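Working notes, beginning with the structure itself.
Only this structure's heavy atoms are used, side chains among them; waters, hydrogens and symmetry mates stay out. Each chain gets a letter, A, B and so on, in the order the sequences are listed, and its residues count up from 1. Being a predicted model, the structure only gives us computed values, none of them experimental.
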There are 2 protein chains.
Amino acid sequence: MSAPRRGDRDLIKALNRNLVLNIVRRQGPLSRTQIRDLSRLSMGAVSQITAELLDEGWVREVGESEPTGGRRQILLRLRPQAGYAVGVKLMEDRIVCAVTDLEVSEVLYLEQPTLGHSPEVVVSAIVSAVRQAIVDAGISSRQVLGIGVGLAGVVNMQSGVVHYSPFFQWRELPLADLIAAQIKLPVYVDNDVNTLTLTEHLFGAGHDIENFAVITVGRGIGMGMVLHHRLYQGGPGGAGEFGHLTLDVDGPPCDCGKRGCLEALASDPAVIRYIQQRRPDGRALPGTLLDVIAAADGGDALAREALEVSGRYIGLGLSMIVNLLCPTLIVLSGEGVIAGEYRLAPIREALRRHAFNGLLDNVSFIIKPTDDRAWARGAAGLVVAKSFESPLVKAEGDRGGLGAT
Amino acid sequence: MSAPRRGDRDLIKALNRNLVLNIVRRQGPLSRTQIRDLSRLSMGAVSQITAELLDEGWVREVGESEPTGGRRQILLRLRPQAGYAVGVKLMEDRIVCAVTDLEVSEVLYLEQPTLGHSPEVVVSAIVSAVRQAIVDAGISSRQVLGIGVGLAGVVNMQSGVVHYSPFFQWRELPLADLIAAQIKLPVYVDNDVNTLTLTEHLFGAGHDIENFAVITVGRGIGMGMVLHHRLYQGGPGGAGEFGHLTLDVDGPPCDCGKRGCLEALASDPAVIRYIQQRRPDGRALPGTLLDVIAAADGGDALAREALEVSGRYIGLGLSMIVNLLCPTLIVLSGEGVIAGEYRLAPIREALRRHAFNGLLDNVSFIIKPTDDRAWARGAAGLVVAKSFESPLVKAEGDRGGLGAT
DNA sequence: TTCGAATTCTTCACTCAATGAAATAAGGTT
DNA sequence: AACCTTATTTCATTGAGTGAAGAATTCGAA
């Protein structure tokens, strides 16, 4: 079963505490009066709760506001140093690791190669990197709220089990437990794009947006989504396989075994393949997306065409997200957005052509490049998100599905 | 603003009341002890709440269970007659109307032609049909919890505004307000597939399933989804345009103005068109899907091919839902499922081919034909769903987004 | 400078839903 | 009939939130 149910009063207290904490976190420095208005709690309750939060160090009094004709308001804001998170992103050949504070600002960053793909090797690399990072950051592990791990693949966040990892060829690996067995800290594991999405939800453009999606384009093509203000994970964490939508039934084979997946048609490797297949002669072939962009900048028609084809497919894929989910915001992210307009223009064009009726009017787009540090921060954000998660989400399992219709 | 906030105690009371009511509604006849176990409330609270619900007529004591070696349990169940709902489904040429009880069992059904497509004509037809239905059902309008209206198109349920109706060519029509102005009852308007989905969630296969989708195939192709235990509507009610996914960039034109939409490729009219275009000679052309099925039964290769092509496209579309959302359940519904295996076999086949990795293992499928009565009941279900909706959903707007991470 | 009005924040008596334990009810078993 | 078992009700207790009164500031005008 789950934690012992201590009654509804405890729940409501925790709920309001969490509410106040999140309001302070999100809306920046606020006076108690403002918190009262935003939370719709009574002044007394706010006073009580903020006193507790101050006492425990979660928030801090920070100066006063401009006078408003009476007693000045004492502003409260989140104390970012109230806790730290360690984020780890697993790449194919290395892991990158960041220590962040509660605002997911980087305190320390390090990289470490992984010499092998077996669970033992990777887990011990993670453990040593985390230990190193905590020491280097000059904090005690008591201050660490937890460890977040992000990797490509299908992951069940609840259980911490990696159902499938394309890089490491893992199946049904209880990664969270393996790490937790060696470090006595809460460990959360999730798909890497989900960690980015959560971080965006907490501190990024996804602020207060009920429904939005994050799309990453790079070596693969991934997706994370927040629906009804909550990260959507689908059945066993299997949602968001955007990169494996079949967009061309007779298309090229994909690593996943199918044909014509978006990822096989439009990822960065697909762009490079596109050029290689059409220029089999001796001319210099691009090895990375940067080469392709350089070629396109130099006027290379084939390079431009390759990026355009890629953009067209991505736009077609995005139109499906718009038609099915109509999110308020789509964040375009990943390493691949550095290709700029070569890819973005056809994306927009395809979206206009394939999105239903006026749906596109309700969707805004943001371009946000992602590098290694951002991935690591995203994984740390997973831990911070857990810390600020509504107690309702945790309680839901205990009752007969509280929020259910 | 919203209703005056009377404090958290009221909320928690309402929450638990709603919880108990929904447990009784869903899990059939239950004793108070069983309710205690399911709700994790204390015996005293259950006693108090059930007393209230009994007093107000929402539930009823109904016999006793088999003895368990002590005092017998008094079973409680929902009193379906505690309220009635009127459901109206708008078709192109007529409206169908049903009065149902709280279990969405049909009490009365009637049809009425609509002579025109203007808002005035349709609204007055709705109003007269509803009045007639209430009288014929032999109930007082005081017992009616509300009126639910379902129609094809993009609808914002919150505001009751029809953003776009393909049949009637309405745009930004405040249909709920127009009806409410003539009948003093709560009016809820939503996309017709959403009403079906809600009803499925309340009393159908979607019972207790966190994430599921309902797909309807018929004159059009529609979709409704429940995600995180709640109907997902996207931005302004624009989600679920499954029928307008572009599955063939160079495909035939669709009524919506685009090309190659699933609906233009695989709906019932598309199947008929497929045959007409390939058999332009004098041989008897099918007018309805029933004709096509009859021809297929008679061994007509072209009819079979048309259904197979349709199924293949629907399967491809479904694979996108599986890859993006990975719901636990997909209900295949609508008039079109009567085509049986001619269409279902290629759907399954295409799904197997295009769904990512093992995702399909987590999805179950149910086939559930829909006729006019089912659509009308679905619309009534919209009202019932509102009656049983968690107070949290209503309160959410008042606070800073309670459930937010 | 002094007083009063305005505004923020704290304190405290009160309320009410939930709890938990004791009491009551009602059937079985020996 | 005495006794056990289970179901339900009753009730004193608990604790979070409320609302009003009070304390703390600040501004502005006499």
Side-chain angles (χ1 to χ4, degrees), chain A residues 4-21 24 29-55 59-76 391-392 395 398-399 402, chain B residues 4-21 24 29-55 59-76 391-392 395 398-399 402:
Chain A
R5 175 180 175 79
R6 295 201 319 281
D8 272 321
R9 271 195 310 284
D10 293 328
L11 178 70
I12 209 158
K13 177 68 188 288
L15 217 54
N16 285 333
R17 218 183 104 105
N18 180 263
L19 179 64
V20 169
L21 185 56
V24 172
L30 289 172
S31 71
R32 289 168 176 77
T33 319
Q34 291 172 302
I35 296 172
R36 157 172 53 78
D37 296 341
L38 289 167
S39 67
R40 305 228 185 175
L41 291 166
S42 68
M43 201 63 239
V46 172
S47 208
Q48 163 65 21
I49 291 168
T50 52
E52 268 181 47
L53 293 176
L54 271 167
D55 194 47
V59 300
R60 176 177 76 188
E61 294 191 334
V62 52
E64 303 182 332
S65 71
E66 324 77 90
T68 52
R71 173 175 173 178
R72 289 216 170 138
Q73 5 189 53
I74 306 163
L75 297 181
L76 298 170
L392 259 190
D398 291 359
R399 340 187 41 158
L402 222 164
Chain B
R5 175 180 175 79
R6 295 200 319 279
D8 271 323
R9 273 195 309 284
D10 294 329
L11 178 70
I12 209 158
K13 176 68 188 286
L15 218 55
N16 285 333
R17 218 185 105 107
N18 180 263
L19 179 64
V20 170
L21 185 56
V24 172
L30 289 172
S31 70
R32 289 167 176 80
T33 317
Q34 291 172 303
I35 296 172
R36 158 173 50 80
D37 295 341
L38 289 167
S39 68
R40 305 229 187 173
L41 290 165
S42 67
M43 203 61 240
V46 172
S47 207
Q48 164 65 22
I49 291 169
T50 52
E52 270 181 47
L53 293 176
L54 270 167
D55 194 47
V59 300
R60 179 177 73 187
E61 295 191 333
V62 51
E64 303 181 334
S65 71
E66 324 78 88
T68 53
R71 174 171 173 180
R72 290 215 169 138
Q73 1 190 59
I74 306 163
L75 297 180
L76 298 170
L392 259 190
D398 292 358
R399 338 187 44 158
L402 221 163

Query raised in the report: Hey, does the side-chain of R71(B) have a donor or acceptor N/O within less than 3.5 Å of a partner on the base of dT6(D)?
Result: no
Query raised in the report: Think N16(B) has a side-chain N or O under 4.0 angstrom from the OP1 or OP2 of dA17(C)?
Result: no
Query raised in the report: Is R72(B) near enough to dG28(C) that one of its side-chain N or O atoms lies under 4.0 angstrom from OP1 or OP2?
Result: yes
Report task. Residues of residues 44-52 of chain B with any non-hydrogen atom less than 4.0 angstrom from an atom of DNA chain D: list those, numerically ordered, please. Result -> G44(B), S47(B)
Query - Whole angstrom value for the distance that separates C1' of dA22(C) from CE of M43(B) - result: 15 Å
Requested in this report: Would you sort out whether L76(A) and E61(A) count as a side chain to side chain contact (heavy atoms under 4.5 Å, CB included), showing the intermediate values?
Outcome: CA-CA 5 Å; L76(A) 298 170; E61(A) 294 191 334; 3.5 Å; yes
Requested in this report: Could you tell me the separation between the CD1 atom of I74(A) and the C1' atom of dA24(D), rounded to a whole number of Å?
Outcome: 9 Å
Query raised in the report: For S31(B), does its backbone N or O pair with a side-chain atom of Q34(B) as donor and acceptor, under 3.5 Å?
Result: yes
**Report entry** Atom of L54(A), atom of R32(A) and distance for their closest heavy-atom approach
**Finding:** CD1-NH2, 3.4 Å
Query raised in the report: dA17(C) C1' sits how many Å from K13(A) NZ, rounded?
Result: 17 Å
Report task. Give the intermediate values and the outcome of side chain to side chain contact (heavy atoms under 4.5 Å, CB included) for residues M43(B) and Q48(B). Result -> CA-CA 9 Å; M43(B) 203 61 240; Q48(B) 164 65 22; over 6 Å; no
Query raised in the report: Has the side chain of T50(B) got a donor or acceptor atom that lies under 3.5 Å from a matching backbone atom of V46(B)?
Result: yes
Requested in this report: Specify the separation, in whole Å, of atom CZ of R36(B) and atom P of dA18(C).
Outcome: 16 Å
Query - Interatomic distance, R40(A) CZ vs dG19(D) P [rounded to whole Å] - result: 13 Å
Query raised in the report: How is S42(B) classified with respect to the nucleic acid when contacts are heavy atoms under 4.0 Å: base, sugar-phosphate, or nothing?
Result: base
Report task. Please determine if a side-chain N or O atom of T33(A) lies less than 4.0 Å away from the OP1 or OP2 oxygen of dC9(C). Result -> yes
**Report entry** Separation of S47(A) OG from L41(A) CG (nearest 0.5 Å)
**Finding:** 12.0 Å
Report task. Figure out the CZ/P separation between R32(A) and dT8(C), and round it to whole Å. Result -> 13 Å
Query - From dA16(D), dA7(D), dA17(C), nucleotide with atom closest to Q73(B) side chain - result: dA7(D)
Query - Residues which pass side-chain contact (heavy atoms from CB on, under 4.5 Å) with V24(A), listed by chain and number, not counting sequence neighbours - result: V20(A), I35(A), V59(A)
**Report entry** Interatomic distance, L41(A) CG vs dG19(D) P [rounded to whole Å]
**Finding:** 11 Å
Query raised in the report: What is the distance from CD1 of I35(A) to P of dT8(C), rounded to the nearest Å?
Result: 13 Å
